[in-house]
Amino acid sequence: MKVVEVLHMNGGNGDISYANNSLVQRNVILMTKPITDQAIGDLYCSLFPETLCIADLGCSSGANTFLVVSEIVKIVEKERKKHNLQSPEFYFHFNDLPGNDFNTIFRSLGEFEQELKKQNGEGLGPCFFSGVAGSFYTRLFPSKSLHFVHSSYSLMWLSQVPNLIEKNKGNIYMASTSPPSVIKAYYKQYEKDFSIFLKYRSEELMKGGKMVLTFLGRESKDPSSKECCYIWELLSMALNELVLEGLIEEEKVDSFNIPQYTPSQGEVKYIVDKEGSFIINKLETTRVHWNNASNNIENINNDGYNVSRCMRAVAEPLLVSQFDPKLIDLVFQKYEEIVSECMAKEKTEFINVTVSMTNKK
């Protein structure tokens with residue numbers, strides 16, 4: 001699987017689109033807003049730039065893409081009015097992999113800009129927007145061209161599936177039954193990727209530039225703990241049921257692994273300190289319940305349905321790269337049943353790790 005070619009959220013505005021099944025991600029952006037607000041406020045007040053260049057990495061599409069922009073503009077406008085200054089020019093770069101639905105973003109841009117002016121008044125400086133397609137594990141922007149980098153719910157995705165020396169039999173992600181070599185390979189890939197990410201962002205951010213990153217993580221020291229791996233374990237159960245029914249080959253499941261790693265606070269701190277380009281200003285974890293999963297009002301109380309839709313919006317492009325697309329409806333039908341049963345018995349939460357940093361170089 002070439003991750004850069006197949007990893008993207010479901011596009012458009014349909015029933016199984018990311019735009020309509022990303023309430024968890026929206027709630028996490030709002031939950032971590034005080035950290036982002038402080039970082040962008042401190043940055044603006046230390047530089048008072050006439051042009052503010054901001055990159056949102058792993059922007060996806062839909063309302064969440066614009067939520068980040070509007071919250072950043074709001075904070076800058078509040079600070080510049082306090083200091084009786086003219087509004088800066090804003091330059092926003094939307095970045096994601098080439099398969100992302102950039103068309104939906106740019107089709108909605110005119111309406112969003114009008115709303116932005118309405119919210120912030122006529123004094124708002126000009127806003128410019130560009131789409132930057134490419135992996136954030138490569139250089140994306142000219143040297144020292146950015147003031148601020150934001151990324152939410154993207155950096156847990158790896159640049160590639162880890163190189164496994166043993167089969168991760170019966171699993172599609174790290175699990176309690178995974179061989180130790182699988183867990184080690186996942187961490188090794190994460191450390192390599194995150195270190196490269198930090199190096200490139202340090203080159204693109206000006207000295208004193210800020211970066212706020214939020215990703216799915218964990219509090220446990222165990223990378224295969226239930227708190228970070230359970231959501232994928234339940235999906236592997238759905239796939240294994242289809243193996244038993246003879247609809248999917250066992251080998252197909254055994255050779256499929258999700259390219260994701262959910263780090264602990266300690267791992268994030270260790271890698272940032274080791275790479276050496278950034279000073280950590282704030283590092284914390286938050287929790288959000290699985291049932292905050294869907295924008296679908298009709299099924300607001302159907303937790304299994306909502307979580308299934310949310311995960312389908314995220315995982316479907318990966319699954320169709322390995323399994324028969326005709327089976328995807330059935331996979332998520334089974335997944336919905338398994339998730340519903342699990343949520344009725346257990347407290348199910350996502351753990352989020354947020355880190356705010358300043359570029360030293």
Side-chain angles (χ1 to χ4, degrees), residues 9 11 13 18-19 22 25-26 29-30 32-97 100-134 136 140-154 201 204-206 208-214 356 359:
M9 307 299 105
N13 291 298
Y18 178 83
S22 52
Q25 292 89 334
R26 180 181 181 81
I29 290 168
L30 294 172
T32 55
K33 180 178 173 307
I35 296 176
T36 307
D37 289 357
Q38 185 176 350
I40 196 74
D42 290 350
L43 171 78
Y44 178 73
C45 292
S46 67
L47 299 171
F48 295 118
E50 290 181 6
T51 300
L52 198 54
C53 294
I54 294 155
D56 187 23
L57 308 183
C59 64
S60 194
S61 62
N64 293 351
T65 307
F66 295 125
L67 175 63
V68 172
V69 173
S70 60
E71 292 301 322
I72 287 172
V73 168
K74 206 183 290 178
I75 291 299
V76 172
E77 284 299 284
K78 184 182 163 188
E79 291 299 331
R80 70 96 181 165
K81 284 171 185 172
K82 258 193 226 172
H83 293 86
N84 201 26
L85 293 168
Q86 192 174 340
S87 179
E89 292 186 348
F90 294 90
Y91 191 2
F92 288 96
H93 300 282
F94 295 126
N95 157 259
D96 214 313
L97 291 173
N100 184 54
D101 185 6
F102 285 103
N103 286 340
T104 291
I105 296 175
F106 288 103
R107 273 199 294 266
S108 313
L109 208 48
E111 192 182 328
F112 171 68
E113 285 187 272
Q114 286 179 354
E115 189 58 35
L116 208 54
K117 283 174 186 168
K118 202 187 293 180
Q119 286 172 1
N120 293 281
E122 285 303 313
L124 178 67
C127 295
F128 304 96
F129 301 90
S130 68
V132 180
F136 47 51
L140 293 166
F141 306 102
S143 297
K144 306 302 171 195
S145 64
L146 301 176
H147 293 95
F148 187 75
V149 169
H150 174 272
S151 182
S152 186
Y153 264 41
S154 297
R201 299 300 81 78
E204 294 163 353
L205 276 162
M206 60 180 55
K210 307 274 186 186
M211 182 156 70
V212 176
L213 314 172
T214 298
S356 176
N359 191 21

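Basis for what follows: all heavy atoms, side chains included, without hydrogens, waters or symmetry-related copies.
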Item to check | Pair Cys53-Met206, side-chain contact (heavy atoms from CB on, under 4.5 Å): steps then yes or no | outcome: CA-CA 10 Å; Cys53 294; Met206 60 180 55; over 6 Å; no

Checklist entry - Where do Phe90 and Leu116 land on the side-chain contact (heavy atoms from CB on, under 4.5 Å) test, with the steps shown first? => result CA-CA 12 Å; Phe90 294 90; Leu116 208 54; over 6 Å; no

Item to check | side-chain contact (heavy atoms from CB on, under 4.5 Å) assessment of Val69 paired with Asp56 | outcome: CA-CA 9 Å; Val69 173; Asp56 187 23; over 6 Å; no

Next on the checklist: Please evaluate residues Leu43 and Leu52 with respect to the criterion side-chain contact (heavy atoms from CB on, under 4.5 Å), reporting the C-alpha separation (whole Å), side-chain torsions for both, the decisive distance (0.1 Å), and the verdict.
Outcome noted: CA-CA 10 Å; Leu43 171 78; Leu52 198 54; 4.2 Å; yes

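Proximity of Asn359 to Lys144: side-chain heavy atoms (C-beta onward) are separated by under 4.5 Å at one or more points. Contact annotation: the side chain of Leu85 approaches that of Tyr44 to within less than 4.5 Å [non-hydrogen atoms, C-beta and beyond]. Within the 4.5 Å cutoff, side-chain heavy atoms of Leu205 are placed close to those of Met211. Side chains of Glu77 and Pro88 form a contact here, defined as non-hydrogen atoms less than 4.5 Å apart. A heavy-atom distance below 4.5 Å is not found between the side chains of Thr214 and Ile35.
For the atom pair CG of Leu140 and NE2 of His93, the computed distance is 10.0 Å after rounding to the nearest 0.5 Å. Residue Leu109 holds its CG atom at 12.0 Å from OG1 of Thr104, rounded to the nearest 0.5 Å. Rounded to the nearest 0.5 angstrom, Asp37 CG and Ile75 CD1 are separated by 3.5 Å. To the nearest 0.5 Å, atom NZ of residue Lys117 and atom CD of residue Glu113 are 6.0 Å apart. The line from SG of Cys45 to NZ of Lys82 is 7.0 Å long, rounded to the nearest 0.5 Å. Distance OG/Ser46 to CZ/Phe48: 8.0 Å, rounded to 0.5 Å.
Residues Ser87 and Gly123 come closest through the heavy atom pair CB-O, 3.2 Å. Closest approach of Lys210 to Ala39, counting heavy atoms only: CG-O, 3.8 Å. Pairing each heavy atom of Ala133 with each of Phe102, the nearest pair is CB-CE1, 4.0 Å. Contact between Arg80 and Leu124 at its shortest, heavy atoms only, is NH2-N, 4.3 Å. Contact detail for Pro49 and His147: the closest heavy-atom pair is CB-NE2, 3.8 Å. Minimum heavy-atom separation, Phe66 to Ile105: CZ-O, 3.4 Å.
Using modelled atom types, one side-chain atom of Thr65 and one backbone atom of Cys59 make a donor-acceptor pair closer than 3.5 Å. Looking at His150, its side chain never comes within 3.5 Å of a backbone N or O of Val212 through a donor-acceptor pair. In this structure, the side chain of Asn95 engages the main chain of Gly134 through a donor-acceptor pair within 3.5 Å.
Within 6.0 Å of atom NZ in Lys81, more than 12 heavy atoms from other residues, nucleotides or ligands are found, so the atom counts as buried in its surroundings. At most 12 non-hydrogen atoms from other residues, nucleotides or ligands lie less than 6.0 angstrom from CD of Glu50.
Checked for salt-bridge contact, Glu204 and Arg201 meet the test: a charged N lies under 4.0 Å from a carboxylate O.
Taking Phe129 as the reference, Phe92, Phe94 meet the ring pair (Phe, Tyr, Trp, His ring centres under 6.0 Å) condition, with sequence neighbours excluded.
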